[in-house]
Amino acid sequence: MRITLVIPSLSAGGAERVVSILANCLASKGYMITIVTYMPFDFDNFYDLHPSIKQINLNFGGPAEDVWDGIWKNVRRNSLLRKAISDSKPDCVISHLNSANVRTIIATLAQGVPLIIVEHGYPPSSHMERPWNMLRRCLYPLASMLVAPNLKAIECFPDRIRRKGVSIPNPVLLEGLDALNAPKLPGNRNIAAMGRFVPIKQFDLLLEAFAKISYEPDCFLNLVGDGPLREELISLASRLGIIQRVRFWGQIKHPWSLLKNSDMVVVSSESECLPMVVLEAMTCGLPVVSFDCPVGPREIIQDAVDGILVPPSDVDALARAMERLLNDDEERHRLGLEAAKSAEKYSVERIMKQWEDLIERVIECGRHK
């Protein structure tokens with residue numbers, strides 16, 4: 001069976017991580033996988049791929065210089081995407097991320113190939129430009145199926161889109177955990193946080209909360225990730241007087257050993273959908289302290305059972321929760337044990353079974369049209 005996956009890139013990120021797991025697992029089961037990205041021909045993926053996977057980078061190039069240049073580039077890009085999909089001769093196409101979904105729907109029109117589109121974020125927080133959002137609402141009903149990590153994301157769409165929706169959680173795959181050498185973490189207590197350094201992740205609030213906890217001097221905050229706010233966050237840590245207790249690790253392809261050597265993970269996001277960092281932390285037996293976003297963490301974490309939820313953007317509450325766990329070994333251990341049990345439902349074996357069933361169903365429905 002031939003499956004073509006479309007995603008803008010395979011750089012570091014939660015959606016990209018999910019796609020690499022999906023592609024690798026399908027390839028290992030004998031599916032013929034092609035991945036199409038927008039990236040330059042010589043782009044190096046952040047995530048490793050199964051050797052049988054064929055990758056096509058379309059080299060879309062940079063932003064448009066003006067309106068007419070934008071129109072020309074979009075026409076050309078859609079033509080390139082259409083040809084790449086056609087040449088891969090897929091039995092099914094799976095597109096990931098909202099703007100890529102719109103492009104892929106256009107590219108597959110009249111090709112007669114079943115198309116599954118995947119939303120990785122919470123739609124109200126996607127901040128799509130108005131034309132793209134209008135196209136999403138108009139074109140999504142043309143897809144065979146819409147997949148999102150949780151039902152609340154699907155419920156954000158009009159009924160004509162929602163009735164094609166199905167929820168499949170993100171899978172967790174801890175690759176080579178025992179074979180990896182953990183980064184040497186400083187101090188007797190370590191807090192970890194992961195994600196892109198962008199406003200929606202609110203790492204500034206995490207730094208402010210960390211500055212309030214009194215567990216000194218052997219407690220460190222370990223930030224895994226990178227992004228446009230990196231220098232601002234470093235400057236803020238310096239102004240708060242905690243720069244000596246904050247470690248910026250950059251992007252780490254396999255963060256499992258770092259997680260295993262931490263005491264907890266903190267999620268300070270304004271919005272999430274089904275955050276991979278929460279799933280990975282819980283699978284590693286770590287308690288997670290998180291802001292109670294509109295959706296996402298609350299779909300995974302049971303407050304005071306296998307983690308802690310605090311009011312959104314409440315810095316003082318976040319600081320109190322972190323400090324409480326740092327000073328209570330028994331509670332931290334109990335939450336970690338329960339977290340590992342709760343994470344079992346997100347194992348890659350369970351999630352891949354759902355994906356394979358969906359792919360077969362969509363292809364079979366396509367044959368009877």
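Residue numbers count from 1 along this sequence. None of these values were measured; they are calculated from a predicted model.
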| query | Looking only at side chains, do R239 and S235 share a donor and an acceptor under 3.5 Å apart? | reply | yes

| task | Evaluate whether atom CZ of R334 has more than 12 neighbouring non-hydrogen atoms of other residues, nucleotides or ligands under 6.0 angstrom away. | result | yes

| task | Please report the closest heavy-atom contact between I33 and A23, naming both atoms and the distance. | result | CG1-O, 3.9 Å

| Should L142 and L109 be marked as a side-chain contact (heavy atoms from CB on, under 4.5 Å) after you check the CA-CA gap, both sets of side-chain angles, and the distance that decides it? | CA-CA 9 Å; L142 301 179; L109 286 174; 3.9 Å; yes

| message | Are the side chains of M282 and V265 in contact, using a 4.5 Å heavy-atom criterion? | response | no

| message | Assess the residue pair K353 and D357 against the criterion (salt bridge (charged side-chain N to carboxylate O under 4.0 Å, His left out)); give the C-alpha distance rounded to whole Å, side-chain angles, the decisive distance to 0.1 Å, and a yes or no. | response | CA-CA 6 Å; K353 179 64 168 60; D357 290 345; 2.8 Å; yes

| task | Output, in order, the C-alpha distance, side-chain angles, deciding distance and verdict of side-chain contact (heavy atoms from CB on, under 4.5 Å) for Q302 and E338. | result | CA-CA 10 Å; Q302 302 173 77; E338 291 301 318; over 6 Å; no

| task | Grab the two heavy atoms, one from S167 and one from I154, that are nearest each other, plus how far apart they are. | result | N-CD1, 3.8 Å

| task | Taking all heavy atoms of S268 and all of K201, pick out the closest pair and write down the distance. | result | OG-O, 2.9 Å

| query | Between Y38 and F60, how do the two ring planes meet: parallel, tilted or perpendicular, split at 30° and 60°? | reply | parallel

| NE2 (H333) with more than 12 external heavy atoms under 6.0 Å | no

| task | Could you check if a side-chain atom of M194 sits within less than 4.5 angstrom of a side-chain atom of L259, using non-hydrogen atoms only? | result | yes

| Counting only heavy atoms not in E331, do more than 12 fall under 6.0 Å of its CD? | yes

| task | Identify the residue among V315, V246, I243 that makes a side-chain contact (heavy atoms from CB on, under 4.5 Å) with L207. | result | V246

| said: Could you see if I168 belongs to whatever hydrophobic cluster contains Y31? Use Ile, Leu, Val, Met, Phe, Trp, Tyr and a side-chain cutoff under 4.5 Å. | reply: yes

| request: Check whether any side-chain N or O of R82 sits under 3.5 Å from a backbone N or O of A107 as a donor-acceptor pair, and report yes or no. | output: yes

| message | Classify the ring geometry of F203 against F197: parallel below 30°, tilted from 30° to 60°, perpendicular beyond 60°. | response | perpendicular

| field | Modelled atom types, side-chain donor and acceptor of N57 and T37, under 3.5 Å | value | yes

| query | With a cut-off of 6.0 Å (strictly less than), are more than 12 heavy atoms of other residues, nucleotides or ligands near CZ of R130? | reply | no

| query | Honestly curious: do L325 and L337 fall in one hydrophobic cluster under the side-chain, below-4.5 Å linking rule? | reply | no

| query | Checking N150 side chain against A153 main chain: does a donor-acceptor pair fall under 3.5 Å? | reply | yes

| field | Verdict with reasoning, L223 to L206, per side-chain contact (heavy atoms from CB on, under 4.5 Å) | value | CA-CA 10 Å; L223 298 181; L206 173 56; 3.9 Å; yes

| request: Measure the shortest side-chain to side-chain distance between I351 and I21 over non-hydrogen atoms and say whether it is less than 4.5 angstrom. | output: no

| task | Establish whether M39 and L5 are linked, either directly or via other cluster members, by ILVMFWY side-chain heavy-atom contacts under 4.5 Å. | result | no

| said: Checking S88 against T34: is there a side-chain donor and acceptor pair closer than 3.5 Å? | reply: no

| Which one of N222, D263, D218 satisfies the side-chain hydrogen bond (donor to acceptor under 3.5 Å, both in side chains) criterion with N190? | N222

| Would you call F210 and L240 a side-chain contact if the rule is heavy atoms closer than 4.5 Å? | no

| Once you round to the nearest 0.5 Å, how far does CG of L309 lie from CD1 of I301? | 5.0 Å

| task | Please round to the nearest 0.5 Å and tell me the distance separating atom CG of L22 and atom NE2 of H96. | result | 5.5 Å

| query | Hey, does I308 have a side-chain heavy atom less than 4.5 Å from the side chain of M264? | reply | no

| message | For a quick test of reading the model, state the closest non-hydrogen atom pair linking P114 to V362 and the distance between them. | response | CB-CG1, 3.4 Å

| query | Between I94 and I359, is any pair of side-chain heavy atoms under 4.5 Å apart? | reply | yes

| task | Drop me the distance from R17's CZ to L279's CG, to the nearest 0.5 angstrom. | result | 11.5 Å

| task | Measure from the side-chain N and O atoms of K89 to the backbone N and O of R2, and report whether any donor-acceptor pair falls under 3.5 Å. | result | no

| request: For K152 and Y122, work out which heavy atoms get closest and say how close. | output: O-CE1, 4.0 Å

| remark: Nearest heavy-atom contact between S269 and E272 is OG-OE2, 2.6 Å

| Under 3.5 Å, side chain of R298 to main-chain N/O of D303, donor-acceptor pair present? | no

| message | Donor-acceptor check, side chain of E299 to backbone of V295, threshold 3.5 angstrom: yes or no? | response | no

| Between the main-chain N or O of I191 and the side-chain N or O of S262, is there a donor-acceptor pair closer than 3.5 Å? | no

| field | ILVMFWY cluster, Y47 and I35 together (side-chain gap under 4.5 Å) | value | no

| Expected output: side-chain K212 to main-chain D316 donor-acceptor under 3.5 Å | no

| said: Are F43 and S11 packed together at the side-chain level, in the sense that at least one heavy-atom pair is separated by less than 4.5 angstrom? | reply: yes

| Do the side chains of D159 and R162 get nearer than 4.5 Å, heavy atoms only? | yes

| message | Would you say M1 ends up clustered with L358 if hydrophobic residues are merged whenever their side chains have heavy atoms under 4.5 Å apart, either directly or through other cluster members? | response | yes

| Full working for side-chain contact (heavy atoms from CB on, under 4.5 Å) between Q111 and S86 | CA-CA 8 Å; Q111 288 200 36; S86 178; 3.9 Å; yes

| message | If I take atom CG from residue L221 and atom CZ from residue R245, how far apart are they, to the nearest 0.5 angstrom? | response | 9.0 Å

| query | Crowded around K253 NZ? As in, over 12 foreign heavy atoms under 6.0 Å? | reply | yes

| Side-chain donor-acceptor pair present, N133, R136, cut-off under 3.5 Å | yes

| note | The reported gap from SG in C92 to CD1 in I3 (rounded to nearest 0.5 angstrom) is 5.0 Å

| Got a donor-acceptor contact below 3.5 angstrom from the N170 side chain to the M276 backbone? | no

| What is the distance from atom CD1 of I200 to atom CG of L229, rounded to the nearest 0.5 Å? | 12.0 Å

